[in-house]
Amino acid sequence: MTLDRMWATWRSAYVSGTSAPDRSAMPNGCVFCALLDDGASPESGIVYAGRHVACILNAYPYGSGHLLILPKRHEPNLLALTAAESTELWDVAKMAVSALETTYRPQGMNLGANLGEAAGAGIPAHLHLHVLPRWGGDTNFMTSIGGSRVLSESLESTWDRVTAAWPIPL
């Protein structure tokens with residue numbers, strides 16, 4: 001069996017950090033910590049804010065409905081979460097899956113975390129889970145060959161849809 005390789009050299013600047021936004025003025029140098037101060041709104045992208053955990057829109061989504069779940073405390077390590085943070089993280093993950101299933105009716109769902117820069121974490125200093133609705137054929141030639149993603153709605157529309165379906169009202 002042979003392995004075909006597709007080159008995405010444009011990602012080199014991203015993974016090396018040269019194209020990352022200037023985070024020096026942000027709390028802990030972290031875009032997530034800066035967002036958490038803003039409260040839930042379409043502008044902040046925060047869909048839900050609990051006691052220890054928040055759910056936000058991914059500003060660079062793989063597809064419509066792509067959410068991130070993160071502890072409010074700046075923490076990179078999953079094993080360092082308190083029992084309360086860990087419990088709430090998974091409770092919010094279930095709420096996110098429920099909201100996405102209700103509003104998007106996907107055929108499947110990706111739920112995962114990239115722990116550390118080598119694992120692909122774009123923001124490795126602040127732990128976060130990805131929740132992403134999926135459909136058969138949603139990775140097509142535009143992504144594979146064209147190196148582009150086609151999103152069917154704006155982030156503001158995604159925020160409206162997800163918050164309307166969120167199991168606990170804001």
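The figures here come from the full heavy-atom set of this structure, side chains too, leaving out hydrogens, waters and symmetry mates.
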Minimum heavy-atom distance Cys55-Val92, with the two atoms named:
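What the structure gives for the nearest pair is CB-CG1, 4.0 Å.
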How far apart are the closest heavy atoms of Cys30 and His74, and which atoms are they?
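Result for this residue pair: CB-CE1, 3.5 Å.
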Side chain to side chain contact (heavy atoms under 4.5 Å, CB included) with Ser98: which residues, sequence neighbours excluded?
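By the side chain to side chain contact (heavy atoms under 4.5 Å, CB included) rule, Ser98 matches Thr102, Pro167.
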Quick one: pull up [atom1] in [X] and [atom2] in [Y] and give me the separation to the nearest 0.5 Å.
X      : Y      : atom1 : atom2 : answer
Asp38  : Ile56  : CG    : CD1   : 10.5 Å
Ser64  : Arg161 : OG    : CZ    : 7.5 Å
Glu117 : Ile123 : CD    : CD1   : 11.5 Å
Leu111 : Ile69  : CG    : CD1   : 6.5 Å
Leu57  : Thr158 : CG    : OG1   : 6.0 Å
Gln107 : Glu101 : CD    : CD    : 12.5 Å

For the side-chain contact (heavy atoms from CB on, under 4.5 Å) test, which of Leu67, Leu132, Leu155 pairs with Pro61?
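The side-chain contact (heavy atoms from CB on, under 4.5 Å) with Pro61 is passed solely by Leu155 among Leu67, Leu132, Leu155.
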Answer yes or no: is there a side-chain heavy-atom contact under 4.5 Å between Pro133 and Met109?
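Of all side-chain heavy-atom pairs linking Met109 with Pro133, at least one is under 4.5 Å.
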Do Val162 and Tyr48 have side-chain heavy atoms sitting under 4.5 Å apart?
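Not touching, per the 4.5 Å side-chain cut-off.
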Donor-acceptor pair, [X] side chain versus [Y] backbone, under 3.5 Å?
X      : Y      : value
Trp159 : Ser41  : yes
Ser44  : Gly39  : yes
Thr163 : Asp160 : yes

Is the gap between the ring centers of His128 and His130 under 6.0 Å?
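That pair passes the under 6.0 Å test.
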How far apart are the C-alpha atoms of Glu88 and Arg51, what are their side-chain angles, what is the distance that settles it, and do they pass the side chain to side chain contact (heavy atoms under 4.5 Å, CB included) test?
CA-CA 8 Å; Glu88 190 174 333; Arg51 183 169 182 198; 3.8 Å; yes
May I have the step-by-step check of side chain to side chain contact (heavy atoms under 4.5 Å, CB included) for Trp90 and Leu129, ending in yes or no?
CA-CA 10 Å; Trp90 293 108; Leu129 303 179; 4.0 Å; yes
Intermediate values then yes/no, side chain to side chain contact (heavy atoms under 4.5 Å, CB included), Leu127 and Leu70
CA-CA 6 Å; Leu127 172 72; Leu70 54 139; over 6 Å; no
Can you say whether the rings of Tyr104 and Trp135 are parallel (under 30°), tilted (30 to 60°) or perpendicular (over 60°)?
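The arrangement is perpendicular - the two ring planes meet at more than 60°.
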With side chain to side chain contact (heavy atoms under 4.5 Å, CB included) as the test, would you mind laying out the steps for Cys33 and His126 before giving the verdict?
CA-CA 8 Å; Cys33 290; His126 199 131; 3.6 Å; yes
For Thr82, side chain to side chain donor-acceptor pair (under 3.5 Å) partners two or more places apart:
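By the side chain to side chain donor-acceptor pair (under 3.5 Å) rule, Thr82 matches Glu85.
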